[in-house]
Protein chains: 2
Amino acid sequence: MSDDPRPGKRNAIRAQNETLILQAAEKVFAEAGFGGATMQLIADVAGLPKANLHYYFATKEELYRRVVQNIFEIWLQAAEAMDGAETPAEGIGAYIEAKMDISRRHPNGSKVWASEVMHGAPVIQDYLETTLRDWTAGRAALIQRWIDEGRMAPISPQHLLYMLWATTQHYADFSHQIETLNGGKPLTDAQWREATESVKSMILRGIGAA
Amino acid sequence: MSDDPRPGKRNAIRAQNETLILQAAEKVFAEAGFGGATMQLIADVAGLPKANLHYYFATKEELYRRVVQNIFEIWLQAAEAMDGAETPAEGIGAYIEAKMDISRRHPNGSKVWASEVMHGAPVIQDYLETTLRDWTAGRAALIQRWIDEGRMAPISPQHLLYMLWATTQHYADFSHQIETLNGGKPLTDAQWREATESVKSMILRGIGAA
DNA sequence: TCTTTTCCTGACCGTATGGTCAAGTTGAAA
DNA sequence: TTTCAACTTGACCATACGGTCAGGAAAAGA
């Protein structure tokens, strides 16, 4: 699966600069929004001349699209936590833990995604209509099966999924608000554990799977 | 409390144009973000020449600030639903209903607020540190009292509040995603009722107040 | 009526932005 | 070494943006 043809150093340079730019872009897009972000600022954060960005990414939109795709793929991967599970408590608990972990480690990606969806998903509408729709249908069916088997309360699978997304992503998207309400300090390790446990216990009890 | 001095028509014109501009601004800021919104587009949506906007609102920031303040005040008002309540089920249930109603009726305001907070709250940081912090402390104390009285499970009041905000606002901020997953159609009246009931039942059961 | 204040708006300005380009440098292949 | 493609970058350009302003229209007051 490795697409390294031959030239070793060339590929290394390309890979390194692309990830460097993508990291800078994620940060700047998250902090300023698509419209507020400038290629010049992204370049400065990445430590490269602006013209060099355009060598790797032709347009601002193209760079932005890659950033959004990145977080989406990370989330899709985390969703697999739900699949191997036997019980709702196990599957949904693991999914909550995975998503809380992502909220902590990739808050910028989550913000860029939120911003994109809030503005009508101009760039990733096709993802919503294909990958996300299929994924959602599959998990809703899994949850419905658990309900039919009497392992959890008969709640709406759709709205449970929305609640899972909303609560976990809130800790990334609204991290600034949470930090302010936490005395201006970021959550500590212990506080993140408490947050995760709180979300887990409320939701698992809420769906009758505790 | 009415600050009408004398000139009737003049005040009417001013009031009318200000709300016209604020509505247009809310829509455009929600759809494009602060950086992506242009005064020209807001003017077009409002049906006024751009120079007229600057007559009522000196700068883009000033206009934006007013939009953000509006939604915040609406939310504060809704929070009173929680106060008169005797039981947790009653108080939190009413708060969820009020916030879901706002998500439905003011999705743009909610999006502008979310965007503002995501970008580090450059404009309304003082609100977070004063009004919101005080409000949060008060409600957290109320919830703690309920817990101490054995009326609900001993969950973290802070994280319960975050869950309430996250779940209810999700229906506004991610309305586009929800709509896409709903076959491209906005939620109907019945679906909004179902959403509200789902959120209420999951959370109330989740905190042991059902 | 005449005067004053508020309101309205087309034309304009300086700046910042996304993107281009031509001239170079560096690494790989022959 | 020579050749060629991949990479780098300062300088540049057209455009679009937030904001200004002067001069006029409409309303209020005298």
Side-chain angles (χ1 to χ4, degrees), chain A residues 2-22 24-29 31-68 112 115-116 119 122-123, chain B residues 2-22 24-29 31-68 112 119 122-123:
Chain A
S2 95
D3 47 2
D4 273 74
R6 240 62 44 73
K9 192 161 185 181
R10 275 283 151 82
N11 265 29
I13 289 179
R14 179 153 217 115
Q16 184 183 336
N17 279 347
E18 279 189 359
T19 63
L20 191 65
I21 294 169
L22 283 171
E26 183 180 89
K27 188 170 194 285
V28 174
F29 281 134
E31 286 171 2
F34 178 80
T38 69
M39 294 297 271
Q40 185 61 64
L41 183 54
I42 295 173
D44 291 347
V45 171
L48 296 172
K50 191 185 69 162
N52 210 350
L53 295 208
H54 282 99
Y55 175 74
Y56 287 102
F57 301 91
T59 67
K60 192 182 175 186
E61 278 82 0
E62 185 184 324
L63 178 53
Y64 175 75
R65 190 189 320 254
R66 283 283 299 273
V67 170
V68 176
V112 175
S115 194
E116 162 71 4
H119 298 349
V123 167
Chain B
S2 96
D3 48 1
D4 273 74
R6 240 65 42 74
K9 192 160 184 181
R10 275 283 149 82
N11 265 29
I13 288 177
R14 177 154 220 116
Q16 184 184 336
N17 278 348
E18 278 189 359
T19 63
L20 191 65
I21 293 169
L22 284 170
E26 183 180 90
K27 187 171 194 287
V28 174
F29 281 134
E31 288 172 359
F34 178 81
T38 69
M39 294 298 270
Q40 186 61 63
L41 182 55
I42 295 172
D44 291 347
V45 171
L48 296 171
K50 190 184 70 161
N52 210 351
L53 294 208
H54 281 99
Y55 175 74
Y56 287 102
F57 300 91
T59 66
K60 189 183 176 186
E61 278 83 1
E62 185 185 322
L63 178 53
Y64 174 75
R65 189 190 322 255
R66 284 283 299 274
V67 170
V68 176
V112 176
H119 298 350
V123 166

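In the text below, chain A, chain B and the rest are named by the order of the sequence lines, each starting its count at 1. Everything numeric here is computed off the predicted structure, so don't read it as measured data.
Across all their heavy atoms, A:R66 and A:F57 have their closest contact at NH1-CE2, 3.9 Å. Among all heavy-atom pairs drawn from A:A25 and A:V67, the shortest one is CB-CG2, 3.9 Å. The nearest pair of heavy atoms linking A:A43 to A:P49 is CB-C, 4.1 Å. When all heavy atoms are compared, the tightest approach of B:V112 to B:E26 is CG2-O, 3.8 Å. Annotation for A:E116 and A:V123: closest pair OE2-N, 2.7 Å, computed over non-hydrogen atoms. Pairing each heavy atom of A:A37 with each of A:A32, the nearest pair is N-CB, 3.7 Å.
Relative to the side chain of A:H54, the nucleotides C:dG18, D:dG18, D:dC7 differ in distance, and C:dG18 lies closest.
One atom, CD of B:Q40, and another, C1' of D:dT15, lie 14 Å apart when rounded to the nearest Å. Atom pair A:D44:CG and C:dT17:C1' shows a separation of 13 Å (rounding to whole Å applied). Put simply, CG on A:L41 is 14 Å from P on C:dA16, counting in whole angstrom units. In this structure, A:R14 atom CZ and D:dT8 atom C1' are separated by 13 Å, rounded to whole Å. For the pair A:Q16 CD and D:dT8 C1', the computed distance is 14 Å after rounding to whole Å. In this structure, B:N11 atom CG and D:dA26 atom P are separated by 20 Å, rounded to whole Å.
Of the residues in residues 60-67 of chain B, those lying under 4.0 Å from DNA chain D by heavy-atom distance are B:K60, B:E61.
Expressed to the nearest 0.5 Å, how far CG of B:L63 lies from CG of B:L22 amounts to 6.0 Å. A:L20 contributes atom CG, which lies 9.5 Å from atom CG of A:L53 (distance to the nearest 0.5 angstrom).
The list of side-chain hydrogen bond (donor to acceptor under 3.5 Å, both in side chains) pairs with a residue in residues 38-60 of chain B, not counting sequence neighbours, reads B:N17-B:Y56, B:Q40-B:D44.
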Q: For each nucleotide in nucleotides 8-14 of chain C, reading 5' to 3', give B when a protein heavy atom comes within less than 4.0 Å of its base, S when such contact involves only the sugar-phosphate, and - otherwise.
A: SBB----
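For B:R14, the salt bridge (charged side-chain N to carboxylate O under 4.0 Å, His left out) partners are B:E18, not counting sequence neighbours. For A:F34, the ring pair (Phe, Tyr, Trp, His ring centres under 6.0 Å) test picks out A:F29, A:Y64, with sequence neighbours left out.
In this structure, B:A43 reaches neither bases nor backbone, as no heavy-atom distance under 4.0 Å exists between it and the strands shown.
Paired runs in DNA chain D that reach 3 or more consecutive Watson-Crick or G-U pairs, where each pair keeps both distances under 3.5 Å, cover C:1-30 with D:1-30.
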